[in-house]
A.B. asks: 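Pasting in a structure now, in structure tokens, and then I'll have a few things to ask.
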Amino acid sequence: MPDCSTLPRIPRPLALAAAGTAAAGLGTLAYAGTIGLTRFTVRHEQPAVLPPRARPLRILHISDIHYVPGQRRKFTWLQSLAELQPDLVVNTGDNLSHREAVPELLEALGPLLRVPGVFVTGSNDYHGPRLKNPLGYLVGPSAPPAEPEHLPADQLIAGFTGSGWIDLRNRAQEAVVAGRAVHLSGVDDPHIGLDRFAGWPRGTARDDVLRLGIAHAPVGSTLTAFADTGADLILAGHTHGGQVCLPGRRALVTNCDLPRSQAGGLSAVRSSTGREVALHVSAGIGTSRTAPLRFNCPPEATVLDLLPRA
């Protein structure tokens, strides 16, 4: 055995500092994996994107629910969102994180499914998450697994469309929302190469029509396609707002080519001609079940009260 009396002694201040750092790290991890996951919030934004003199329109934007059976706090909170009285619900995908989640998720969304709604899907509606090194996100966007766990996307989509929500995967459609004509264009998930931009319904040039572009991942080429063809507002999810952020909700990653400063909330993108188009990226409601952490980035839904342009 070594003679302990001959080993170098760590100065007491350094030992205390190291212990304090370790305790702080463990405390942060514990918070991110418990309170950080269930501190559900509602963000409020007021983008001025409607034609002049138009009546305001309320959109509820939800995304990245990543539902797992038994998430009772999430279930109760999702059911409460109908109390916000939206005119339109926009769901931008990644609803699932478990193959048996669909029935309970549809029940949780039941009150919202009675409200007019539209949706697109994300990669985690098609296949389940896999264990991976979270530091990999610092290198670049994630790739789909080689041998994915298939999720019941068809069952989810049937539940949404059977309740009257409009499937916008690679489709364009006109809808009447609160008495207003709205032109909708959506794509399937650009993150895994399923997007095929379908353009806009006929009559898009009319000044009194609101044009909404809908996607799961806010990939640059998709945002440009919407912006260059006349979108007034683009809605997306996917980023989780960064999920683990520095103070002030400063995201470290976006898991796509979107700048980190636009990882969550309301910002703008520019068309090829320089026109600014409003972009809202939801920070999302859940996380993958294989990475259940949120720090400085609470789970959220967003109320977008659309106002007329000046």
Side-chain angles (χ1 to χ4, degrees), residues 43-63 81-82 84-93 109 111-122 157 160-188 190 195-216 218 222-237 265-269 271 275-282 301-310:
R43 181 196 292 264
H44 290 264
E45 302 281 7
Q46 294 183 319
V49 297
L50 292 176
R53 297 180 298 280
R55 289 183 302 171
L57 188 73
R58 171 165 285 195
I59 291 177
L60 176 66
H61 184 189
I62 60 175
S63 193
L81 292 177
L84 297 168
Q85 298 183 313
D87 298 308
L88 178 71
V89 179
V90 175
N91 181 327
T92 51
L109 292 176
L112 286 179
L113 289 171
R114 293 191 284 271
V115 176
V118 300
F119 70 94
V120 294
T121 47
I157 292 165
F160 286 168
T161 58
S163 297
W165 280 12
I166 299 172
D167 181 355
L168 286 178
R169 293 174 299 154
N170 300 332
R171 293 184 63 242
Q173 183 166 329
E174 181 171 354
V176 177
V177 180
R180 168 172 299 284
V182 178
H183 281 186
L184 305 156
S185 183
V187 294
D188 207 343
D195 54 310
R196 303 291 183 271
F197 178 51
W200 299 91
R202 292 184 180 182
T204 302
R206 286 161 41 200
D207 291 336
D208 62 338
V209 172
L210 173 69
R211 307 168 192 91
L212 298 179
I214 314 294
H216 175 63
T222 298
L223 302 182
T224 298
F226 286 140
D228 282 356
T229 56
D232 297 303
L233 172 64
I234 305 169
L235 298 102
L266 191 64
S267 63
V269 295
S271 71
R275 184 176 72 96
E276 280 201 348
V277 179
L279 167 68
H280 182 262
V281 177
S282 171
T302 306
V303 170
L304 294 158
D305 284 316
L306 308 191
L307 303 177
R309 296 184 294 269

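Computed over heavy atoms, backbone and side chain alike; hydrogens, waters and symmetry mates excluded.
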A.B. asks: Would you find a donor on one side and an acceptor on the other, under 3.5 Å apart, between the side chain of His183 and the backbone of Glu174?
C.D. replies: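 Side chain of His183 to backbone of Glu174: no pair is present.
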A.B. asks: Tell me every residue that passes side-chain hydrogen bond (donor to acceptor under 3.5 Å, both in side chains) with Asp228, counting only those two or more places apart in sequence or in another chain.
C.D. replies: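 By the side-chain hydrogen bond (donor to acceptor under 3.5 Å, both in side chains) rule, Asp228 matches Ser272.
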A.B. asks: Only counting residues at least two apart or in another chain, list the ones meeting side-chain hydrogen bond (donor to acceptor under 3.5 Å, both in side chains) with Arg58.
C.D. replies: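 Expected list: Asp305.
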A.B. asks: Drop me the distance from Leu304's CG to Leu266's CG, to the nearest 0.5 angstrom.
C.D. replies: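 One gets 7.0 Å once the value is rounded to the nearest 0.5 Å.
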A.B. asks: Return the set of residues passing side-chain contact (heavy atoms from CB on, under 4.5 Å) with Ser267 (not counting sequence neighbours), or none when no residue passes.
C.D. replies: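 For Ser267, the residues satisfying side-chain contact (heavy atoms from CB on, under 4.5 Å) (neighbours in sequence not counted) are Gln262, Leu279.
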A.B. asks: For residues Thr222 and Ala215, report the shortest heavy-atom separation together with the two atoms involved.
C.D. replies: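 The pair with the smallest heavy-atom distance is CG2-CB, 4.0 Å.
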A.B. asks: Angle class for the Phe226/Phe197 ring planes (parallel below 30°, perpendicular above 60°, tilted otherwise)?
C.D. replies: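 Geometry flag for Phe197 against Phe226: perpendicular rings.
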A.B. asks: Checking Ala82 now: which residues fulfil side-chain contact (heavy atoms from CB on, under 4.5 Å) with it, not counting sequence neighbours?
C.D. replies: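 Here the qualifying residues are Pro111, Leu112.
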A.B. asks: What's the separation between atom CG in Asp167 and atom CD1 in Ile157, rounded to the nearest 0.5 Å?
C.D. replies: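 Spacing of CG (Asp167) from CD1 (Ile157) equals 6.0 Å.
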A.B. asks: In Å, rounded to the nearest 0.5 Å, how long is the span from CG of Asp195 to NE2 of His216?
C.D. replies: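 So the CG of Asp195 and the NE2 of His216 are separated by 12.0 Å.
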A.B. asks: What is the minimum heavy-atom distance between Pro308 and Ala48, and which atoms define it?
C.D. replies: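 Nearest pair, atom of Pro308 first, then Ala48: O-CB, 3.7 Å.
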A.B. asks: Measure across Ala268 and Glu276 and return the closest heavy-atom pair with its distance rounded to 0.1 Å.
C.D. replies: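 For Ala268 versus Glu276, the nearest heavy atoms are CB-OE1, 4.2 Å.
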A.B. asks: Is it the case that the side chain of Asn170 and the backbone of Asp188 share a donor-acceptor pair, with hydrogens and angles ignored and the cut-off at 3.5 Å?
C.D. replies: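 Confirmed, Asn170 side chain pairs with Asp188 backbone.
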A.B. asks: Can you name the residues that form a salt bridge (charged side-chain N to carboxylate O under 4.0 Å, His left out) with Asp87, not counting sequence neighbours?
C.D. replies: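 Per chain and number, Asp87 pairs via salt bridge (charged side-chain N to carboxylate O under 4.0 Å, His left out) with no residue.
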A.B. asks: Would a distance-only check, ignoring hydrogens and angles, find a side-chain to backbone donor-acceptor pair under 3.5 Å from Trp200 to Leu212?
C.D. replies: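 Answer holds: no.
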A.B. asks: Listed by chain and number, what are the side-chain contact (heavy atoms from CB on, under 4.5 Å) partners of Ala301, not counting sequence neighbours?
C.D. replies: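 Ala301: side-chain contact (heavy atoms from CB on, under 4.5 Å) contacts with Leu60, Ile62, Trp77, Leu81.
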A.B. asks: Can you sort out the partners of Arg180 under side-chain hydrogen bond (donor to acceptor under 3.5 Å, both in side chains), two or more places apart, ordered by chain and number?
C.D. replies: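 For Arg180 there are no side-chain hydrogen bond (donor to acceptor under 3.5 Å, both in side chains) partners, ignoring immediate neighbours.
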A.B. asks: Can you tell me how far CZ of Phe119 sits from CG of Leu168, rounded to the nearest 0.5 angstrom?
C.D. replies: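 Going from CG on Leu168 over to CZ on Phe119, the span is 8.0 Å.
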A.B. asks: What residues form a side-chain hydrogen bond (donor to acceptor under 3.5 Å, both in side chains) with Gln46, not counting sequence neighbours?
C.D. replies: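 In terms of side-chain hydrogen bond (donor to acceptor under 3.5 Å, both in side chains), with neighbours along the sequence ignored, Gln46 is linked to no residue.
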A.B. asks: So which atom in Val277 and which in Ala227 form the shortest heavy-atom distance, rounded to 0.1 Å?
C.D. replies: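 In terms of heavy atoms, the two residues are closest at CG2-CB, 3.8 Å.
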A.B. asks: Report the residue from Thr92, Ile234, Leu233, Asn91 that forms a side chain to side chain contact (heavy atoms under 4.5 Å, CB included) with Ile214.
C.D. replies: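 That would be Thr92.
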A.B. asks: Has Arg169 got a side-chain atom pairing as donor or acceptor with Val120's backbone, closer than 3.5 angstrom?
C.D. replies: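 No, because the side chain of Arg169 does not come within donor-acceptor range (under 3.5 Å) of the backbone of Val120.
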A.B. asks: State, yes or no, whether a side-chain contact exists between Thr229 and Arg211 at a heavy-atom distance under 4.5 Å.
C.D. replies: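 A side-chain contact under 4.5 Å is absent here.
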A.B. asks: Partners of Ser282 by side-chain contact (heavy atoms from CB on, under 4.5 Å), sequence neighbours excluded?
C.D. replies: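 Here the qualifying residues are His61, Ser63, His280.
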A.B. asks: Rounded to the nearest 0.5 Å, what separates atom CG in Leu88 from atom CH2 in Trp165?
C.D. replies: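 The distance works out to 9.0 Å.
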A.B. asks: The criterion is salt bridge (charged side-chain N to carboxylate O under 4.0 Å, His left out); which residues satisfy it with Arg275, sequence neighbours excluded?
C.D. replies: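 Partners of Arg275 under the salt bridge (charged side-chain N to carboxylate O under 4.0 Å, His left out) test: none.
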A.B. asks: Under 3.5 Å, is there a donor-acceptor pair between the side chain of Ser185 and the main chain of Gly199?
C.D. replies: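 Indeed, once roles are kept as given, a pair shorter than 3.5 Å links the two residues.
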